[in-house]
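Remember, predicted model here, so these are calculated numbers, not experimental data. We name chains A, B, ... by the order of the sequence lines, and we start the count at 1 in each one.
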Amino acid sequence: MRLTLAARSPFSLPAVVRSHGWARLAPFDTDAPSDGLTYVVCLDSDRVSEMLIREAPGGVSVEVDGHLSKAEHEEVVHKVEWMLGLGQDLSSFYALARQEPKLAYVEERAQGRILRSPTLFEDTVKTILTTNANWAGTIRMVEALVSQFGAPLPSDPARHAFAAPGRLAATDEETLRSSARVGYRAPYVLGLARCVASGAFDLEVLKIADIPTAELRERLLAIKGVGEYAAANLLMLLGRYDFVPVDSWALKLVSHEWYGGESVGRGEVEGAFERWGEWQGLAYWFWDWSYAGES
DNA sequence: GGTAGACCTGGACGC
DNA sequence: GCGTCCAGGTCTACC
């Protein structure tokens, strides 16, 4: 079954896929034909399918195995729209970016959208697994969680959907440590999964919560394992760009860009982008760091 | 409110 | 092959 979804212009699927490393984390896979993106999804009906997403005139096309019921069809549409930010309006950011040489290309390249998972639960777990770990470690931990706790894809049982909260909640800390090798993060992942699975914490409602960014941030910081960096990263995924996710890489970039390689702290990074107000996270994310990268 | 140390893993390095 | 060191954010205890 094939669906076609419209995107607010400007839009570029490769730009979304390359927006950060999420496309390299299971159950995403960029090894798809025609610069496409695949994702193994588990729908509310428990149907596990592979979605093949490709750029199409005015938006994207989505191919899913077999025939979808009306509810499944609507769910796929809703999920893909969220994952790719198809309806996001970044015109205010582009208007500011046109005046900054280091961001002058973003509109032309249709940059600004950041690839996200269908659920905030999945993005929160993945974000926790990026903390205190190098990128290879994050890829390994996510792959382990998906392969060991995710529902298998019927047409290719070697591939799996992301681990559902209930499935993770049913395991224990020691299993997470030994089989997924997530280390001290095990109680964080387990605690979150159990809260979400039990209904004690409705994480997904935060995607549409009409509350100030500062309050949203406080709710994210209340999750064990989510600190300032992780909260800022999740806010970016939620379309709130008032905070810069300051990690060790951000410190290096800002150090090289404005401080001649001298060591800098969180304050310098935040100060460098403060003037961008509600768009500072995006300004940092898509800044042309080529100078720092080459040095 | 600020700070030090622990947490866990994998990679780099020296022997 | 083995041991040691280090990088990577967050939490907790302590001041």
At a cut-off of 3.5 Å, list every protein nitrogen or oxygen paired with a nitrogen or oxygen from nucleotides 1-3 of chain C, distance to 0.1 Å.
none

Extract from the structure each pairing of a protein N or O with an N or O of nucleotides 12-14 of chain C at less than 3.5 Å, listing the distance.
| from | atom 1 | to | atom 2 | distance (Å) |
| --- | --- | --- | --- | --- |
| C:dT12 | OP1 | A:K224 | NZ | 3.1 |
| C:dT12 | OP2 | A:K224 | NZ | 2.9 |

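- Judged as a side-chain hydrogen bond (donor to acceptor under 3.5 Å, both in side chains), the pairs with a partner in residues 217-236 of chain A (not counting sequence neighbours) are, in order, A:T127-A:N233, A:E215-A:R219, A:E228-A:R266.
- Within the nucleic acid shown, A:I223 comes within 4.0 Å of sugar-phosphate atoms alone, with no base atom in reach, counting heavy atoms only.
- Separating the CH2 atom of A:W249 from the P atom of C:dG9 is a distance of 12 Å, rounded to the nearest angstrom.
- In this structure, A:A230 reaches the sugar-phosphate backbone alone: every heavy-atom distance under 4.0 Å involves primed, P, OP1 or OP2 atoms, never a base.
- Under the side chain to side chain contact (heavy atoms under 4.5 Å, CB included) criterion, A:E174 pairs with A:D172, A:R177, A:S178, not counting sequence neighbours.
- Helix-axis bend for the helix from B:dG1-C:dC15 to B:dC15-C:dG1: the local axis fitted to the five terminal pairs at one end deviates from that at the other end by 30°, rounded to 10°.
- Across the protein-nucleic acid pair, A:L253 atom CG and C:dG8 atom P stand 12 Å apart, rounded to whole Å.
- As rounded to whole Å, 14 Å separates atom P of C:dC11 from atom OH of A:Y229.
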Output a table of nitrogen or oxygen pairs between the protein and nucleotides 7-11 of chain B separated by less than 3.5 Å.
| from | atom 1 | to | atom 2 | distance (Å) |
| --- | --- | --- | --- | --- |
| B:dC8 | OP1 | A:R177 | NH1 | 2.4 |
| B:dC8 | OP1 | A:R177 | NH2 | 3.3 |
| B:dT9 | O3' | A:R140 | NH2 | 3.3 |
| B:dG10 | OP1 | A:R140 | NE | 3.3 |

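- Between A:E228 atom CD and B:dG1 atom C1' the separation is 12 Å, expressed in whole Å.
- Residue A:L129 contributes atom CG, which lies 17 Å from atom C1' of C:dA7 at whole-angstrom precision.
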